[in-house]
Q: 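The structure under discussion is supplied below as structure tokens; questions concerning it will follow.
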There are 2 protein chains.
Amino acid sequence: MGKCEQCIIKQFNALKSLTKDELVRISGCKTSKTIKKGEVIFEEGESINGVYCVKDGICKLSKLSENGKDQVVKMVVKGQLIGQRSLVSNESSNLQATALNDMEVCFIPKSEIISDLQRNPKFTLDMLKDMAHDLKEADDVIVDMAQKSVKQRLAETLIYVEKNFGTNPDGTISLMLSREDYANIVGTATESAIRVLSQFKKEGLISTVGKYIKIENSNGLRRIE
Amino acid sequence: MGKCEQCIIKQFNALKSLTKDELVRISGCKTSKTIKKGEVIFEEGESINGVYCVKDGICKLSKLSENGKDQVVKMVVKGQLIGQRSLVSNESSNLQATALNDMEVCFIPKSEIISDLQRNPKFTLDMLKDMAHDLKEADDVIVDMAQKSVKQRLAETLIYVEKNFGTNPDGTISLMLSREDYANIVGTATESAIRVLSQFKKEGLISTVGKYIKIENSNGLRRIE
DNA sequence: TTTAAAATATGACATTTGTCATGCTTTAGT
DNA sequence: ACTAAAGCATGACAAATGTCATATTTTAAA
């Protein structure tokens with residue numbers, strides 16, 4: 001199993017501020033897991049007792065709403081941690097994490113993180129910075145949800161997904177999401193998401209190659225009202 | 001001017017974890033301010049160079065959307081800090097803060113907070129906990145915005161405001177917000193907010209005493225679909 | 001106190017979005 | 001390869017929400 005000290009992933013998250021000793025200690029008690037696409041990493045309301053460090057793959061964090069829909073709150077890529085918020089607040093998870101890809105993650109037990117948080121101020125400050133970043137992003141999502149149309153939100157989501165999760169050699173978005181996933185990110189009915197994507201296609205803003213979506217005119221997408 | 005060491009407000013926020021010495025030092029460089037209702041404490045994009053500790057009053061944190069509306073993201077009461085997120089990220093503010101009440105705040109310069117964050121892990125951890133709490137609330141708002149109707153959101157807002165900001169002796173909500181404020185919290189057009197409030201009134205869910213709103217049937221408000 | 005401006009209220013209508021029904025297409029499992 | 005299930009697509013219609021116009025009431029400033 002890989003050693004945390006040597007893992008290049010750690011440079012992308014707060015773990016980079018841990019000392020060599022701390023990393024060695026964590027390396028000794030962490031667990032590596034492979035998670036298949038569609039698999040649930042943890043559920044809403046579950047006690048997670050640790051954090052996951054995403055070595056590879058992408059997952060969504062979502063929350064079930066009263067009307068039965070599963071609203072996506074955030075997507076997490078390689079390099080990021082999941083579960084920190086619940087750990088810090090000492091609460092069970094407020095979100096569900098589901099793999100959108102085949103993933104590789106390391107699970108680090110709560111006790112290790114807690115003891116580092118109490119002893120290594122640089123680490124704590126880094127965690128604080130990461131959380132401040134998440135909070136800013138969440139604020140932006142609130143404003144978008146409140147003030148933008150479904151079309152605008154879906155257009156922005158396409159641009160976001162392309163930018164953050166990359167493209168295949170033929171220019172298609174490499175992350176394959178179902179129409180239902182898009183609907184749950186945007187916060188609309190699946191049929192509405194399908195309709196808007198069809199419209200984008202008719203207007204030449206996007207095209208599809210099999211199940212993959214390609215952005216043909218990102219400025220056009222940005223201009224949507 | 002009051003001394004931070006003796007200020008009872010500090011127990012409600014992360015400042016409680018500062019040592020006596022740290023508090024004395026902060027006390028020496030803080031500034032007390034009175035802010036009148038409607039006054040802007042800081043604007044979006046402004047460098048704030050410190051945090052405000054709210055000694056009294058309530059303010060809204062909002063963000064201007066592209067369509068010109070000022071979406072309220074969070075409301076802040078006595079005891080809470082504002083400006084921490086930007087300070088931690090070392091960015092200019094992503095939100096505007098506006099007093100909804102006459103307020104009393106203390107301004108603490110950035111350098112002081114930063115040095116405490118670097119030296120006092122308990123303080124940093126407390127800041128982290130507060131921010132984790134804010135993030136959870138923001139996640140909940142995202143889900144509500146995406147999945148609930150304007151009626152539901154407005155009903156919940158009324159209950160929230162009553163619960164968190166209290167009532168007058170006659171049972172009316174003590175915080176007076178304009179219909180436009182309600183619209184900007186809920187994320188809807190002012191006319192829509194007015195219409196929904198009128199409907200609530202007709203249905204006996206709320207009543208009004210002058211400009212004040214009184215919740216008459218909170219279970220009814222909760223049951224709205 | 002008077003008066004202009006702002007806030008509230010409501011109607012009429014347009015637009016957006018959701019819901020339900022139905023059919024087609026793809027996927028996955030035997 | 002066959003078949004059931006899931007996903008995608010689209011029409012028809014309903015419901016929610018936004019926009020614009022206008023009137024009334026309240027507030028604040030001269």
Side-chain angles (χ1 to χ4, degrees), chain A residues 36-39 65-71 98 100 102 144-158 172-173 175-203 206-213 224-225, chain B residues 36-39 65-71 98 100 102 144-158 172-173 175-203 206-213 224-225:
Chain A
K36 292 219 177 102
K37 178 175 175 174
E39 220 175 295
S65 76
E66 288 165 25
N67 62 24
K69 294 223 172 131
D70 196 46
Q71 180 64 41
T98 313
L100 291 172
D102 289 349
D144 285 355
M145 286 291 176
Q147 304 288 351
K148 293 186 177 170
S149 68
V150 168
K151 257 189 255 183
Q152 280 178 302
R153 281 180 273 152
L154 187 42
E156 286 183 5
T157 300
L158 289 168
T172 56
I173 293 173
L175 178 64
M176 230 206 55
L177 293 171
S178 68
R179 310 291 149 131
E180 193 182 3
D181 283 328
Y182 278 111
N184 291 342
I185 294 167
V186 164
T188 191
T190 306
E191 295 94 323
S192 297
I194 289 172
R195 246 180 267 271
V196 173
L197 285 174
S198 299
Q199 195 194 330
F200 285 173
K201 203 171 160 182
K202 268 181 205 145
E203 292 169 353
I206 63 172
S207 62
T208 51
V209 180
K211 301 224 36 155
Y212 290 92
I213 294 174
I224 280 170
E225 298 216 340
Chain B
K36 292 218 175 103
K37 178 175 175 171
E39 219 174 297
S65 76
E66 287 164 25
N67 62 25
K69 294 223 172 133
D70 195 47
Q71 179 65 40
T98 314
L100 292 172
D102 288 350
D144 284 355
M145 285 291 176
Q147 303 288 350
K148 293 188 178 169
S149 68
V150 168
K151 256 189 254 183
Q152 279 178 303
R153 281 179 273 152
L154 188 42
E156 285 182 8
T157 300
L158 289 168
T172 55
I173 292 172
L175 177 64
M176 230 203 58
L177 294 172
S178 69
R179 309 291 147 127
E180 194 183 2
D181 282 329
Y182 277 111
N184 290 342
I185 295 168
V186 163
T188 191
T190 306
E191 295 94 322
S192 297
I194 289 172
R195 245 180 268 272
V196 173
L197 284 174
S198 298
Q199 194 195 331
F200 285 174
K201 203 171 158 181
K202 268 183 205 142
E203 292 171 351
I206 63 171
S207 62
T208 52
V209 180
K211 302 223 37 155
Y212 290 93
I213 293 175
I224 281 170
E225 298 216 341

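Residue numbers begin at 1 in each chain, while the letters A, B, ... track the order of the sequences.
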Q: Tell me the side chain to side chain donor-acceptor pair (under 3.5 Å) pairs involving residues 180-189 of chain A, sequence neighbours left out?
A: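 Qualifying pairs: A/K60-A/D181, A/S178-A/D181.
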
Q: If I take atom CG from residue B/L197 and atom CD1 from residue B/I206, how far apart are they, to the nearest 0.5 angstrom?
A: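 If I round to the nearest 0.5 Å, the distance is 5.0 Å.
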
Q: Round to the nearest Å and state the distance from A/K37 atom NZ to D/dA6 atom P.
A: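 Between P of D/dA6 and NZ of A/K37: 16 Å.
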
Q: May I have the distance from A/Q147 (atom CD) to C/dT17 (atom C1'), rounded to whole angstrom?
A: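 It works out to 17 Å between those atoms.
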
Q: Which pairs, with at least one residue in residues 186-198 of chain A and sequence neighbours excluded, count as a salt bridge (charged side-chain N to carboxylate O under 4.0 Å, His left out)?
A: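 The answer is none; no pair qualifies.
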
Q: Excluding sequence neighbours, so at least two apart, what forms side chain to side chain donor-acceptor pair (under 3.5 Å) with A/K37?
A: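 Not a single residue meets the side chain to side chain donor-acceptor pair (under 3.5 Å) criterion with A/K37.
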
Q: Using OP1 and OP2 only, check whether a side-chain N or O of A/K211 sits under 4.0 Å from D/dG7.
A: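 No, no such contact exists.
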
Q: Within the sub-3.5 Å range, which N or O atoms of nucleotides 12-19 of chain D have a protein N or O partner, and how far apart are they?
A:
{"from": "D/dA12", "atom 1": "N6", "to": "A/R195", "atom 2": "NH2", "distance (Å)": "3.3"}
{"from": "D/dT17", "atom 1": "OP1", "to": "B/V150", "atom 2": "N", "distance (Å)": "2.9"}
{"from": "D/dG18", "atom 1": "OP2", "to": "B/T188", "atom 2": "OG1", "distance (Å)": "2.3"}
{"from": "D/dG18", "atom 1": "OP2", "to": "B/A189", "atom 2": "N", "distance (Å)": "3.3"}
{"from": "D/dG18", "atom 1": "OP2", "to": "B/S192", "atom 2": "OG", "distance (Å)": "2.9"}
{"from": "D/dT19", "atom 1": "O4", "to": "B/R195", "atom 2": "NH2", "distance (Å)": "3.0"}

Q: Taking CZ from A/F200 and C1' from D/dC8, how many angstroms apart are they, rounded to a whole number?
A: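 After rounding, the gap between these two atoms is 17 Å.
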
Q: My understanding is that only residues two or more places apart in sequence, or in another chain, count here; which of them pass side-chain contact (heavy atoms from CB on, under 4.5 Å) with A/E156?
A: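 side-chain contact (heavy atoms from CB on, under 4.5 Å) list for A/E156, sorted by chain: A/D144, A/K148.
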
Q: Find the distance B/R179:CZ to D/dT24:P and express it as a whole number of Å.
A: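 After rounding, the reported distance stands at 19 Å.
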
Q: Looking at A/K201, does any N or O in its side chain come under 4.0 Å of the phosphate oxygens OP1/OP2 on D/dA9?
A: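 No, because none of the side-chain N or O atoms of A/K201 sits under 4.0 Å from OP1 or OP2 of D/dA9.
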
Q: Which pair of non-hydrogen atoms, one from B/I224 and one from B/K151, has the smallest distance, and what is that distance?
A: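 Minimum heavy-atom separation between B/I224 and B/K151: CG2-CB, 3.9 Å.
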
Q: Using whole Å, report how far CG of A/L154 lies from C1' of D/dC8.
A: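 Value for this atom pair: 15 Å.
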
Q: Rounded to whole Å, how long is the line connecting atom CG of B/N67 with atom P of C/dT15?
A: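 Taking CG of B/N67 and P of C/dT15, I get 18 Å after rounding.
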
Q: Has A/S198 got a side-chain N or O lying under 4.0 Å from the OP1 or OP2 atom of D/dT10?
A: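 Yes.
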
Q: For B/E39, look at atom CD and say whether over 12 heavy atoms of other residues, nucleotides or ligands are found less than 6.0 Å away.
A: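 Yes, CD of B/E39 has more than 12 neighbouring heavy atoms, counting only those of other groups under 6.0 Å.
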
Q: Among A/L100, A/T157, A/L158, A/I213, which residue meets the side chain to side chain contact (heavy atoms under 4.5 Å, CB included) test with A/L177?
A: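 Between A/L177 and the candidates, side chain to side chain contact (heavy atoms under 4.5 Å, CB included) is satisfied uniquely by A/L100.
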
Q: Rounded to the nearest Å, what distance is computed from the CD1 atom of residue A/I194 to the C1' atom of nucleotide D/dT10?
A: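 Spelled out: CD1 on A/I194 to C1' on D/dT10 is 9 Å.
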
Q: What is the separation between atom CD on A/E180 and atom C1' on C/dG18, rounded to the nearest whole Å?
A: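 Atom CD in A/E180 sits about 15 Å away from atom C1' in C/dG18.
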
Q: Nearest heavy-atom pair of A/Q71 and B/A146: which atoms, and what distance?
A: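 Closest pair (atom of A/Q71, atom of B/A146, distance): OE1-CB, 3.1 Å.
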
Q: With axes from five pairs an end, tell me the bend angle of the helix from C/dT1-D/dA30 to C/dT30-D/dA1, nearest 10°.
A: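 Roughly 50° between the end axes, to the nearest 10°.
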
